[in-house]
Amino acid sequence: MILYGGSGHAKVIFDCLDARGITVLGVFDDNPDLRTFQNMPFLGAYNPQILDKEKVIIAIGNNRIRQTLSQRITHSFGTVVHPSAEVSRFVKGIGDGTVIFHRAVVQADTYVGEHCIINTASSVDHDCILEDLVHISPNATLCGGVKVGKGTHIGASATVIPGVRIGEWCVIGAGAVVTQDIPDFAVAVGVPARVIRQIGNTVAKE
Ligand SMILES: CC(=O)SCCNC(=O)CCNC(=O)[C@H](O)C(C)(C)COP(=O)(O)OP(=O)(O)OC[C@H]1O[C@@H](n2cnc3c(N)ncnc32)[C@H](O)[C@@H]1OP(=O)(O)O
């Protein structure tokens, strides 16, 4: 496996791969100042010809940046699930590039798209749909039948009650309780969650 991005997020992905006995052959990073990362071979800026038969995981937490890179990378994409995570064998699918961290739970009949992050100890219950590039932060809880649109970031310890639909490219604040549907590109915070602004094409602080 190759990681793209020498970040804190990459450290956790490395830990998941290590726990699975999967060797990281190197790390790409476009930052010219980075020379080494966690004692792994540093591969420099992305080069489609380096280890081109290996799979890549994009190890960058920002959903927009992951999207941009996913369109540019020509390697195929890998996936990793930490051994302490519980992923139902009845899930509808886990997309390429997705990572599922320590003690996360993904229940039956849920679908998780490509390049998603199911972060530490988060819980995604039955019949949820997570479109591509979604990030469920540590300790967040999605109850049954929740839909999360492409590129949306659910903040740490947020809770989404059953059946709620959250649009694309939203940010749900840490600790929010989402009780109603949220439109595309909204930032929503609080208990119950209220939309405080629209994102437009700018990148919200994640
Ligand atoms: C392993 C990892 O680290 S994974 C990463 C997990 N990261 C997260 O969970 C972070 C989630 N991000 C947040 O909660 C952010 O605060 C955001 C995105 C909701 C808002 O960020 P910004 O757009 O920069 O908003 P800003 O900080 O200016 O706050 C705007 C208002 O919302 C309030 N607010 C911001 N975040 C929250 C929140 N989580 N809950 C309640 N109110 C909030 C602020 O107090 C402020 O209120 P005011 O206008 O009355 O002063």
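We count ligands from 1, going down the list as the structure has it; atoms in each ligand are counted the same way.
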Original post:
Has E86 got more than 12 heavy atoms of other residues, nucleotides or ligands less than 6.0 Å from its CD?
Top reply: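 No, CD of E86 has 12 or fewer neighbouring heavy atoms, counting only those of other groups under 6.0 Å.
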
**OP:** Verify the neighbour count for atom CD of Q180: are there more than 12 heavy atoms of other residues, nucleotides or ligands below 6.0 Å?
**Re:**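 Open: at most 12 neighbouring heavy atoms sit under 6.0 Å from CD of Q180.
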
Subject >> L3-V12 co-clustered via ILVMFWY side chain contacts under 4.5 Å >> reply: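 Linked within one cluster.
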
Original post:
Taking it one step at a time, do H75 and Y46 satisfy ring pair (Phe, Tyr, Trp, His ring centres under 6.0 Å)?
Top reply: CA-CA 10 Å; H75 289 70; Y46 180 66; 5.4 Å; yes

Could you pull out, from [options], the option with a heavy atom nearest to [atom]?
atom                    : options                : value
atom 42 (N) of ligand 1 : N62, V189, V171, I136  : V189
atom 38 (C) of ligand 1 : A174, G190, C170       : A174
atom 20 (C) of ligand 1 : N139, V187, V191, I117 : V187

**OP:** State the CD1-OG1 distance between I13 and T79, to the nearest 0.5 angstrom.
**Re:**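 I13 CD1 to T79 OG1: 10.5 Å, rounded to 0.5 Å.
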
I'd like to check which ligand 1 atoms, numbered from 1 as shown, lie under 4.0 Å from a non-hydrogen atom of [X].
X    : value
G155 : 9 (O)
A156 : 8 (C), 9 (O)
G173 : 14 (O), 19 (C), 39 (N)

Original post:
Which bit of P138 is near ligand 1, meaning a heavy atom under 4.0 Å away: side chain, backbone, both or neither?
Top reply: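 The answer is the side chain.
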
Original post:
Just heavy atoms, cut-off under 4.0 Å: does H135 contact ligand 1 by side chain, backbone, both, or neither?
Top reply: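 Answer for H135: side chain.
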
Original post:
Is H153 in contact with ligand 1, taking contact as a heavy-atom separation below 4.0 Å?
Top reply: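 True for this residue.
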
**OP:** Please determine, by modelled atom types, if H82 and S84 share a side-chain donor-acceptor pair under 3.5 angstrom.
**Re:**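 Per modelled atom types, H82 and S84 side chains form a pair under 3.5 Å.
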
Original post:
Quick one: which of L69, V134, I58, D132 gives a side-chain contact (heavy atoms from CB on, under 4.5 Å) with H115?
Top reply: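 Only match with H115 under side-chain contact (heavy atoms from CB on, under 4.5 Å): I58.
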
Original post:
Polar-atom distance check: I196 versus ligand 1, any N or O pair below 3.5 Å?
Top reply: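 In fact, backbone or side chain, I196 has no N or O that close.
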
